[in-house]
Amino acid sequence: MAVATLKRGTRPPWVGLGAAVWVQIASGNAYNFPLYSHSLKSVLGFNQHQLTLLGVANDVGENVGLIPGLVSNHLPPWAVLLVGSVACFLGYGVLWLAVSRTVQPLPYWLLWLALCVATNSSAWLTTAILVTNMRNFPLSRGTVAGILKGYGGLSAAVFTEIYSLLLHHSSLKLLVFLSLGIPILCLLMMYFVRACTPALREDSSERSHFLFIQVASVVLGLYVLITTILGDVFSLRGPESYSVVAVMVLLIMAPLAIPVKMTLYPRPGRQTEVMERPAEEESSDKKEPLLASFCENEDVSEVEMLLAEGEGAVKKKRRPKRGEDFKFFEALIKADFWLLFLVYFIGVGSGVTVLNNLAQIGIAQGVHNTTILLSLFSFGNFVGRLGGGVVSEHFLRSKTMPRTFWMTGTQVIMIFTYLLFASAIDGTLYAATALLGICYGVQFSIMVPTVSELFGLKHFGLFYNFMSLGNPIGAFLFSGLLAGYIYDHEAAKQHGLEVLNSGLTCLGPNCFRLTFMILAGVCGLGVILSVVLSIRIKPVYQMLYAGGSFRLPQSSVH
């Protein structure tokens, strides 16, 4: 797919990144499940097992993005965003019809499917902006991934602010906002998210621009967290609540200050130029024109290729090495691919179990204010995503330390965090929730650039979405089958029943204690696997980041 001929550092890539921030926040709509899950349970009469299976639908829709991953190489970003907007409108629209009892009764399977469709919009929106911006800034992919995934992690706090101050804790209004507000926002951003010719050399101004966005996102995160807590303590209403939201909107717009600055203060002598190919690649093309023509034509028959090899017109194509562009099935036979998948699956699969059951975990431990817990998890998620990208990039360039080292460290912390949850010591729930959010966020910000560095950017959309399957699989196993069953079993025991019943509430630490103990053990396995992966891929990073700067492999120039 052809891209625009735009110079590195010009306005369009930065405008696209600023617009992508808005879309990334919108793509976090799946994090709102704890805000309306209690309404689903009370209005529709579900038990906790049924509710956790809806949580699985929430995660399946959010993370099953193989189709957007496949089409991202064939459709422009605006088309991918359009599909996501339609899915959001249809899915959340059906949920609103059910909770408002406008149409009743709707079967359970239809609600499950509607939630899948609604949150699948996240996969389409995230794929469109992540693939586009990673390709627009290939030399800063860790930083870009950290920024975008950071804003995605912060989206739950942003939605919580809107839910509390503008929608007055109304689940019905929230579902209306999700079904209409997000599609309208994405339609407005479509024009600005587009592919641009990437730079092959680092630009000193890029670092200051990225630093500005990172600082702006931290300010936004602190602001949203503080105002959410103050809004709950002082019950902000009327003009005060609208003012708080208005300032939040201005902070989200901060990344657009970069293209505005480029317009008002252009750098002298900047002229439009196209991406230049390396001299080695040009000389290689001159020496072997038949090789180039055969490689570009994927429809050449195997017989013709063998004949060409025999005549010396073309060399036998070698399999790509780690760090170069892989095709999907070439990556599937690599041990590193599956090690990364398993490590990511354990980290996010266990973390999302807590997120999906956050409201019930709070109630079981005597905390009924889900908004503060969700805001703490969201802010921690944001810090982990942004910090994971920044810290891993720094140590990668200075010491060629594999990014997955930080997945190892955070999963060690997750073991102690789950044990802290299981202990149910008074006053530790808030700290454990925030700490888990940080560790959960690091898994995202490390996986995204790692899979692109090991297997290339050409099919990155497909690789990224395949890795994302670890989230719904973990949600199904750990949340749907494990946590939901244990919760309902404990609730039935407390009420003196021998069979599971709908709508029973479980109170006390035993509701989730066994679940947390099992999750701690699973993370122990994740630590071992991530250590093995880090040792295996260290030579790859020594090759890619020798000298402290990223060297783009020739096979990745496309």
Side-chain angles (χ1 to χ4, degrees), residues 27-28 30-31 33-34 52 55-66 119 122-123 126-127 130 145-146 148-150 152-156 337-358 374 377-378 380-389 392 403-404 406-415 417-418 421 433 435-451 463-483 515-516 518-527 529-530 533:
S27 72
Y31 289 116
F33 184 71
T52 52
V56 172
N58 186 79
D59 297 308
V60 167
E62 179 188 10
N63 295 282
V64 177
L66 295 180
T119 56
S122 299
T126 301
T127 298
L130 198 56
L148 290 179
K149 281 298 180 181
L154 198 58
S155 60
F337 185 87
W338 291 106
L339 279 171
L340 180 60
F341 177 83
L342 289 174
V343 172
Y344 179 74
F345 152 73
I346 289 173
V348 300
S350 61
V352 79
T353 301
V354 176
L355 179 61
N356 287 347
N357 295 276
L358 196 56
L374 186 58
F377 186 93
S378 176
N381 191 11
F382 157 72
V383 171
R385 293 183 183 211
L386 182 65
S392 68
R403 296 186 194 274
T404 48
W406 302 101
M407 297 179 88
T408 306
T410 50
Q411 290 199 19
V412 170
I413 298 174
M414 290 175 82
I415 295 174
T417 304
Y418 290 133
F421 272 113
T433 301
L435 188 59
L436 181 64
I438 294 173
C439 298
Y440 179 77
V442 170
Q443 312 304 309
F444 284 90
S445 65
I446 298 301
M447 180 276 286
V448 174
T450 299
V451 74
F463 293 142
Y464 160 73
N465 281 291
F466 186 88
M467 289 287 170
S468 296
L469 291 175
N471 195 303
I473 295 174
F476 174 73
L477 294 176
F478 302 138
S479 182
L481 297 184
L482 179 67
T515 299
F516 290 133
I518 294 174
L519 293 181
V522 170
C523 280
L525 175 62
V527 170
L529 294 176
S530 60
L533 177 61

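Atoms CG and CG, from L342 and L525 in turn, are 8.0 Å apart once rounded to the nearest 0.5 Å. Once rounded to the nearest 0.5 Å, the distance linking CZ of F444 with OG of S468 reads 7.0 Å. With rounding to the nearest 0.5 Å, the separation of CD1 in I446 from NZ in K149 is 13.0 Å. Here CE of M414 is found 4.5 Å from SG of C523. Values are rounded to the nearest 0.5 Å. Put simply, CG on L519 and CD1 on I415 are 11.0 Å apart, with the number rounded to the nearest 0.5 Å.
Of the residues listed (V412, T433, L435, T410), the one engaging T417 in a side-chain contact (heavy atoms from CB on, under 4.5 Å) is L435, and it is the only one. Screening T450, V448, L340 for a side-chain contact (heavy atoms from CB on, under 4.5 Å) involving M467 leaves a single residue, L340. Across Y31, F382, F377, Y418, a single residue satisfies ring pair (Phe, Tyr, Trp, His ring centres under 6.0 Å) together with Y440, and that is F377.
With S479 contributing its side chain and F476 its backbone, the two residues share no donor-acceptor pair below 3.5 Å. In this structure, T119 contributes its side chain and N58 its backbone to a donor-acceptor pair below 3.5 Å. Between the side chain of S122 and the main chain of S27, a donor-acceptor pair closer than 3.5 Å is present.
The two residues G388 and S392 have their closest heavy-atom pair at O-OG, 2.7 Å. Taking both residues in full, the closest heavy atoms of S530 and T408 are given as OG-OG1, 2.8 Å, listed atom of the first, atom of the second, then distance. Closest of all the heavy-atom pairs between A123 and E62 is CB-O, 3.6 Å.
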Test log, rule side chain to side chain contact (heavy atoms under 4.5 Å, CB included), inputs M447 and V343: CA-CA 9 Å; M447 180 276 286; V343 172; over 6 Å; no
Verdict with supporting geometry, N356 and F478, side chain to side chain contact (heavy atoms under 4.5 Å, CB included): CA-CA 10 Å; N356 287 347; F478 302 138; over 6 Å; no
Criterion side chain to side chain contact (heavy atoms under 4.5 Å, CB included) on V354 and F516, from CA distance to verdict: CA-CA 9 Å; V354 176; F516 290 133; 3.8 Å; yes
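Scored by the side chain to side chain contact (heavy atoms under 4.5 Å, CB included) test, I473 finds F341, F345, L469, L477 as partners (sequence neighbours excluded). With sequence neighbours left out, I438 forms a side chain to side chain contact (heavy atoms under 4.5 Å, CB included) with V383. In this structure, the side chain to side chain contact (heavy atoms under 4.5 Å, CB included) partners of S445, at least two apart in sequence or on a different chain, are R385.
Around the CZ atom of F466, the shell of radius 6.0 Å holds more than 12 heavy atoms that belong to other residues, nucleotides or ligands.
A heavy-atom distance below 4.5 Å is not found between the side chains of I346 and Q443. With a 4.5 Å cut-off on side-chain heavy atoms, L482 and T353 do not count as touching. The shortest distance between side-chain heavy atoms of L533 and L529 does not fall below 4.5 Å.
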